[in-house]
Amino acid sequence: ISSPFFPLNSSWDAAYERELQTFQDIGDTGEIWFGEESMVRIIRWLEKHKVPLDSSVLDIGTGNGVLLVELAKSGYMNLTGIDYSPSAIQLSEKVREKEGMSNIKLKVEDFLAPSAELSGFDICIDKGTFDAISLDPSDAVGKRKLYVGSLCRALRPEGFFLITSCNWTKEELLNEFREGFEILEELPTPKFCFGGRIGNSVTALVFQRK
């Protein structure tokens with residue numbers, strides 16, 4: 001998510017409908033959640049660790065699908081994006097077509113109630129979706145548990161989970177994903193200074209499924 005101001009769940013579709021219309025009008029793909037540096041950070045990590053280009057990658061809450069396009073441009077071939085908003089998937093399909101990336105698979109899926117097809121991925125990536133679920137006013141705790149269960153099913157044993165969050169600290173994320181996952185690495189993110197204290201506005205972690 002590109003700013004600290006998240007729309008309520010009921011307005012996600014409306015937000016993506018507006019972005020879809022804008023894309024159709026002027027070719028603008030809309031917001032890149034956490035900015036372009038967040039995509040560069042993910043791709044650099046995959047390249048640094050020589051993750052094979054045929055690894056299966058799932059983008060959870062793909063939005064406009066721009067991350068998948070950048071992964072495809074970097075040579076990754078087995079890419080899937082899901083979003084529970086049909087308008088988001090429509091937008092990502094338009095972006096995919098514009099970029100000529102026909103090998104990117106896109107589908108409407110609710111990650112909290114996923115289809116059986118969402119399993120066995122080598123890599124799962126989340127930029128802001130866990131944040132959005134965490135802010136849901138109706139049973140956020142229960143939904144976070146559902147998310148972790150879905151992630152365990154979607155990711156193969158020893159697969160990697162890369163999460164970018166502006167709501168959670170490293171310690172909080174370690175606690176949220178303690179069941180079934182172990183931390184591999186914290187990725188460097190921009191720092192800010194407030195009241196003489198230095199902190200991170202964004203947390204980016206890599207977990208491995210046990």
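Atoms considered below: every heavy atom in the structure, side chains included; atoms not considered: hydrogens, waters and symmetry mates.
Distance check, rounded to the nearest 0.5 Å: OG1 of T62 to CG of L68 gives 4.0 Å. The SG atom of C124 sits 12.0 Å away from atom CZ of F160, with the distance rounded to the nearest 0.5 Å. With rounding to the nearest 0.5 Å, the separation of CD1 in I82 from OG in S92 is 11.5 Å. Between the CG atom of D126 and the CG atom of D59 there is a distance of 8.5 Å, given to the nearest 0.5 Å. Of the inter-residue distances, the one linking I60 atom CD1 with D83 atom CG reads 11.0 Å to the nearest 0.5 angstrom. Between the CG atom in L58 and the CZ atom in F111 there is a gap of 6.5 Å [rounded to 0.5 Å].
Ring geometry for F177 against F161 counts as tilted: the plane angle lies between 30° and 60°, on a 0 to 90° scale.
The two atoms that bring A72 and M101 nearest to each other are CB-SD, 3.7 Å, heavy atoms only. Here the closest heavy-atom approach between residue G75 and residue L53 is recorded as O-CB, 3.5 Å. In plain terms, the two heavy atoms of T189 and T203 that are nearest each other are CG2-C, 4.4 Å. Across all their heavy atoms, L118 and P114 have their closest contact at CD1-CB, 3.8 Å. In this structure, P86 and V108 approach most closely via the heavy-atom pair CA-CG2, 3.9 Å. Here the closest heavy-atom approach between residue L155 and residue R209 is recorded as O-NH1, 2.5 Å.
Put simply, the side chain of L162 does not reach to within 4.5 Å of the side chain of R41, judged on heavy atoms. Side-chain contact check for L187 versus L205: every heavy-atom pair is 4.5 Å or farther apart. Residues K105 and L79 are not in side-chain contact: their nearest non-hydrogen atoms beyond the backbone lie 4.5 Å or more apart.
In K107, the NZ atom is crowded: over 12 heavy atoms of neighbouring residues, nucleotides or ligands sit closer than 6.0 Å. The 12-atom threshold is not exceeded at CD of E158, counting heavy atoms of other residues, nucleotides or ligands nearer than 6.0 Å. The environment of K210 atom NZ is dense: over 12 non-hydrogen atoms of other residues, nucleotides or ligands sit within 6.0 angstrom.
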* Asked: Would V57 and I125 count as a side-chain contact (heavy atoms from CB on, under 4.5 Å) if you check the C-alpha gap in whole Å, the side-chain angles of each, and the deciding distance to 0.1 Å?
  -> CA-CA 8 Å; V57 179; I125 300 172; 3.8 Å; yes
* **Residues Q208, E185; criterion side-chain contact (heavy atoms from CB on, under 4.5 Å); working and verdict** => CA-CA 9 Å; Q208 187 167 29; E185 196 172 338; over 6 Å; no
* What do the steps show when you test M39 against V66 for side-chain contact (heavy atoms from CB on, under 4.5 Å), and what is the final call? -> CA-CA 9 Å; M39 298 194 298; V66 170; 3.8 Å; yes
* For the pair S38 and V202, evaluate side-chain contact (heavy atoms from CB on, under 4.5 Å) and give the outcome as yes or no after the intermediate values. => CA-CA 10 Å; S38 65; V202 173; over 6 Å; no
* **Stepwise ring-ring contact (aromatic ring centres under 6.0 Å, His included) test for F130 and Y147** => CA-CA 8 Å; F130 188 70; Y147 181 103; 5.0 Å; yes
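Checked by atom type and distance alone, the side chain of S55 never pairs as donor or acceptor with a backbone atom of V51 at under 3.5 Å. Of the possible polar contacts, one joining the E109 side chain to the S115 backbone as a donor-acceptor pair under 3.5 Å is found. A donor-acceptor pair is defined here as one N or O able to donate and one able to accept, closer than 3.5 Å; no such pair exists between the side chain of R96 and the backbone of G65. Although no hydrogens or angles enter the test, the distance criterion places a donor-acceptor pair under 3.5 Å between the side chain of D131 and the main chain of C166.
For the pair E99 and K73, the salt-bridge criterion is met [side-chain N within less than 4.0 Å of a carboxylate O]. E186 has a carboxylate O that lies under 4.0 Å from a charged side-chain N of K170, or vice versa, which qualifies the two as a salt bridge. With respect to E176 and K145, no salt bridge is recorded, no charged nitrogen being found less than 4.0 Å from a carboxylate O.
A donor atom on one side chain and an acceptor atom on the other are found under 3.5 Å apart for S134 and W168. Remark: the D122 side chain and the S56 side chain contain an N/O donor-acceptor pair separated by less than 3.5 Å. A side-chain donor from one of K143 and S138 sits under 3.5 Å from a side-chain acceptor of the other. Between the side chains of D54 and Y76, not a single donor N or O lies within less than 3.5 Å of an accepting N or O.
Applying the side chain to side chain donor-acceptor pair (under 3.5 Å) test between N175 and each of E179, R178, E171, E172 identifies R178 as the sole match.
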